[in-house]
Undergrad: 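Sharing a structure below in structure tokens format, with a few things to ask.
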Amino acid sequence: MSVEFLGDWRRTHYSSVVTPDLDGVEVTVFGWIQDIRDHGNIIFLTLSDKEGLIQITGTRRNTPPEVMEKMKSLSRQSAIGVKGVVSARVEAPRGVEVIPREIKVLGLASHPLPLDPTGRVHAEIDVRLDARILDLRRPEPRAIFKVRHKVVSAIREYLDEQGFIEVHTPKIIATAAEGGAALFPVDYFNSRAYLAQSPELYKEELITVFEKVYEIGTYFRAEESHTRRHLNEFISVDVEEAFVDYGDVMKLQEDLLAYVLRKLSDECMDQLNILKVNLPKIVLPLKRYKYSEIVDQLNKNGYRLEWGEDLSTSAYRVLGKIHRNEFYFIIDWPTETRPFYVKPKGDSSQTCEAFDLMYEWLEITSGGSRVDRKEQMVERLRKQGLDPANFEFHLKTYDYGMPPHAGWGLGLDRLLMALLRIGNIREVVLFPRDRFRLTP
Ligand code: ATP
Ligand code: MG
């Protein structure tokens, strides 16, 4: 079979708008063949486009013989165009089908396919990711990425509405904000550069100009750990605001979460039904547990944790059991567990004005008030074994009037995991990058 030219064929209707009330109307539809059922005198094609599915029904009585022949020889997942007449028929899916008059083959799929895009044959995640483009043609991944799109646009809408401006900071950098261990080095002409782990220092500098900034960007961490919640490349939604503290940006965070949830329940019901998920319910304000309370909760539930220790994966798993279906904050962390730019609390430097937003066992967001005094910044850098000389440009900002400020970084991929109750981050990322995967 040969591939034909598009010529002057243009789509008149997406599948979703081909409805029974168009009975008798001629339409042109395009898409990929999801399924073919050949019963001899009648052939059914299921055509899939970006909006859904439409049945194409060829019959000996109503369809030209050469079109019937073509339908018989088509391969699943080939891209085709169909000109035909809409027919309302109760037995057809959604009560409607198209009787083809002409079919153009626009892109052939060669068989065997590495996986079954109808999802009838189960495939392991690695097989699916190896053939990700084909995998994405299944209804579930499509639904996930439509929801993801809606989450991102809802975040932009909300932050714009609150007077934030979106910024883009460098992704090739000379010094690390989060400590040097997890950096990917890059050959930068005759010197060494790194891929950014976060926009932290840039966004803090930018609040001295724009006061309220946000960035939705790609960041890189060279962590070797292979978990269901870490990738080496991920998307973070970062926010930073001047003249506020961590309480204010926690409120911003929870209001944003409520906005996103409302948006999804208003506009993504079809996708949520395909995924068979109910959105998590929240009541504002979310619970704010002090780190010290979390230590108590863990110890009461048989997990030994000393005050001052960071939480391990197994501690998070216990927390997940205690806080089922719950979004909650953990606040006032030991200063030692947090990066140098997080502000210690009042006179006691033991705890700091830091928070994490959690969903069950999963950390979604880290944020806090920031160090806004130069001397304290230098001291914090030294304490964490970092050389202030490497932070010269950032420290200079403190000489130009650095106000108190606070902000957070939200892992977009993790937020999707929580909203859709998906256990593996790879499901919500188009082309995930981990320790063992650099392709496709
Ligand atoms: P974790 O302790 O889970 O490794 P973190 O505390 O090191 O995360 P932060 O520096 O606080 O991460 O980054 C802010 C947010 O970015 C995290 O709360 C998380 O949602 C997301 N994030 C960080 N690292 C990764 C990663 N490797 N893969 C996916 N998301 C990440
Ligand atoms: Mg964190």
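Whatever order the structure lists ligands and atoms in, that order sets their numbers, starting from 1. Everything numeric here is computed off the predicted structure, so don't read it as measured data.
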Undergrad: Find, among atoms of E363 that are N, O or S, the one nearest to the Mg ion (ligand 2), and state its name.
TA: OE2
Undergrad: How far does OH of Y291 sit from CD1 of I331, to the nearest 0.5 angstrom?
TA: 14.0 Å
Undergrad: Quick one: look at D413 and ligand 1, take heavy-atom pairs under 4.0 Å, and tell me if it's side chain, backbone, both or neither.
TA: neither
Undergrad: Heavy-atom distances under 4.0 Å are what count here, so tell me which part of Q197 touches ligand 1: side chain, backbone, both or neither.
TA: neither
Undergrad: Does only the side chain of H230 get under 4.0 Å from ligand 1, or the backbone, or both, or neither? Count heavy atoms.
TA: both
Undergrad: Could you check which of M417, R338, E363 puts a non-hydrogen atom nearest to atom 18 (O) of ligand 1?
TA: E363
Undergrad: Can you list the ligand 1 atoms lying under 4.0 Å from a non-hydrogen atom of S366?
TA: 11 (O), 18 (O)
Undergrad: Could you tell me how the ring of Y214 sits relative to the ring of F164: parallel (under 30°), tilted (30 to 60°) or perpendicular (over 60°)?
TA: perpendicular
Undergrad: Between D356, V237, L231, which one has a non-hydrogen atom sitting closest to atom 28 (N) of ligand 1?
TA: L231
Undergrad: For the side chain of Y328 and the backbone of E360, is there at least one donor-acceptor N/O pair under 3.5 Å apart?
TA: yes
Undergrad: Applying a 4.0 Å heavy-atom criterion (strictly less than), which segment of I425 is in contact with ligand 1: side chain, backbone, both, or neither?
TA: side chain
Undergrad: Of the backbone and side-chain N, O or S atoms of D356, does one lie nearer to the Mg ion (ligand 2) than 2.8 Å?
TA: no
Undergrad: Please confirm whether the ring centroid of Y398 lies under 6.0 Å from the ring centroid of H394.
TA: yes
Undergrad: Check this for me, if you would: do E166 and K203 make a salt bridge, where the nitrogen-to-carboxylate-oxygen distance has to be below 4.0 angstrom?
TA: no
Undergrad: Output the list of atoms in ligand 1 that are nearer than 4.0 Å to some heavy atom of G409, sorted by atom number.
TA: 14 (C), 15 (C)
Undergrad: Using a strict threshold of under 4.0 Å (side-chain N to carboxylate O), is an ion pair present between R288 and E254?
TA: yes
Undergrad: Within the 4.0 Å heavy-atom shell around E223, which atoms of ligand 1 are there?
TA: 27 (N)
Undergrad: Is the positively charged end of K50 above the ring of Y14, judged by distance under 6.0 angstrom from the centroid and angle within 45° of the axis?
TA: yes
Undergrad: Identify, by atom number and element, the atoms of ligand 1 in contact range of T365, meaning under 4.0 Å from any of its heavy atoms.
TA: 18 (O)
Undergrad: May I ask you to decide if E427's main-chain N or O and N424's side chain share a donor-acceptor pair within less than 3.5 Å?
TA: no
Undergrad: Under 4.0 Å from a heavy atom of R229: which atoms of ligand 1 are those, numbered in the order shown and with their elements?
TA: 3 (O), 28 (N), 29 (C)
Undergrad: Compute the centroid of each ring, for F391 and then for F340, and state whether the two points are separated by less than 6.0 Å.
TA: yes
Undergrad: For the Mg ion (ligand 2), does an N/O/S atom of T365 lie at less than 2.8 Å?
TA: no
Undergrad: Any nitrogen or oxygen of F234, side chain or backbone, less than 3.5 Å from one on ligand 1?
TA: no
Undergrad: Geometry only, no angles: is R221 polar-contacting ligand 1 at N/O separations under 3.5 Å?
TA: yes
Undergrad: Between Y259 and Y158 (judged by ring centroids, cut-off 6.0 Å), do the two rings come close enough to count as a pair?
TA: yes
Undergrad: Classify the contact between R414 and ligand 1 as side chain, backbone, both or neither, using a heavy-atom distance cut-off of under 4.0 Å.
TA: side chain
Undergrad: CH2 of W32: more than 12 outside heavy atoms within 6.0 angstrom?
TA: no
Undergrad: Polar-atom distance check: G411 versus ligand 1, any N or O pair below 3.5 Å?
TA: yes
